[in-house]
Amino acid sequence: MEVIILPTKEAGSNKAAEIFKYCIRKNPSIILGLATGSTPLPLYESLIQNYTDGSLDFSQVTSFNLDEYVGVSPNHQASYAYFMKENFFNHINIKPENTFIPYGKAKNIPDHCKDYETLIKDKGGIDIQLLGIGTDGHIGFNEPTSSLASRTRIKTLTRQTIEDNARFFDGKIDDVPKHVITMGIGTIMESKHVILLGFGKNKAQAIKDTIEGPLTASIPASILQTHEQATIIVDEEAASKLDRCDYYKWVYNNRPAWQRGPEDLCPKK
Ligand code: GLP
């Protein structure tokens, strides 16, 4: 696990953008795993900026999103399909047919989930999976006590996540769907490189539990302790509860010269 602590959300987002840009240029047909929520927005803005100035090309890129609300159509403003179009896809030259998001209105959800898994495998697997983190330590929509070996499937949200996400439904808690489709923890763990972003005080406990807590299904993100290549990028606020904060900074600041470029953070497999 590589822990990168930077002063602000902006600096953390820039670091993540640097890695993404380098890896997309190195492998133009890269398979990206993408996330929603407020956390990745500055990263998407930065990638859009580079597409606009002609320095980044998404024409061969494929993407798979982590999750979607059940029963919500892709045209609904709170759907993750809508979110991705509004905040990223509509502003770059990724081909719509190369962007995959679980379909919240699928008639047969178990079959749809199986097909999603098959598609990820058929495309060659995810090279870089971007993750945010829920205040309860969830990744994707894998809530606490999700099986650490789980695959794409339907999940029921916790009350806390429903409350956290009501902001995307005009603050109306009752409008937030209780069910979602999410890539499983086992699915996420098969990505060659995982980059988790955590910013702000309200993520400090989840980040502490993820990095330093015991490995437990009660904190789904703690599974990343066992991933071969997981990079956790946090700001000072999100890092504020870490016991070994100074050590992580020491490690980062004393990297050997050959580990200092973004190439070291590209998928190694
Ligand atoms: C949702 C998403 C997660 C995201 C989390 C945090 O639950 N399913 O993928 O990481 O929200 O959102 P935010 O980044 O807005 O704090």
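Note that ligands are numbered from 1 as they come in the structure, with each ligand's atoms numbered from 1 the same way.
- With sequence neighbours excluded, the residues satisfying side-chain contact (heavy atoms from CB on, under 4.5 Å) with N202 are T135.
- When hydrophobic residues (I, L, V, M, F, W, Y) are linked wherever their side-chain heavy atoms come within less than 4.5 Å, the members clustered with V70 are I109, I154, I181.
- Applying the side chain to side chain donor-acceptor pair (under 3.5 Å) definition to pairs two or more places apart or across chains, those involving residues 223-241 are H193-T231, Q205-K241, E236-K249.
- Ring geometry for H138 versus F141: interplanar angle of 30 to 60°, hence tilted.
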Please produce the table of protein N or O atoms sitting under 3.5 Å from N or O atoms belonging to ligand 1, one pair a line, distance to 0.1 Å.
unit_1   : atom_1 : unit_2 : atom_2 : d
ligand 1 : 7 (O)  : H138   : NE2    : 2.8
ligand 1 : 7 (O)  : N165   : ND2    : 3.4
ligand 1 : 8 (N)  : D67    : OD2    : 2.8
ligand 1 : 8 (N)  : G140   : O      : 3.1
ligand 1 : 10 (O) : I133   : N      : 3.2
ligand 1 : 14 (O) : S38    : N      : 3.3
ligand 1 : 14 (O) : T39    : N      : 3.0
ligand 1 : 14 (O) : T39    : OG1    : 2.4
ligand 1 : 15 (O) : S38    : N      : 2.7
ligand 1 : 15 (O) : S38    : OG     : 2.7
ligand 1 : 15 (O) : R167   : NH1    : 3.3
ligand 1 : 15 (O) : R167   : NH2    : 2.8
ligand 1 : 16 (O) : K203   : NZ     : 2.6

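- Ring geometry, Y116 versus F64: the interplanar angle exceeds 60°, so the pair is classed perpendicular (tilted spans 30 to 60°).
- E117 and K114 are not joined by a salt bridge, as no carboxylate oxygen comes within less than 4.0 angstrom of a charged side-chain nitrogen.
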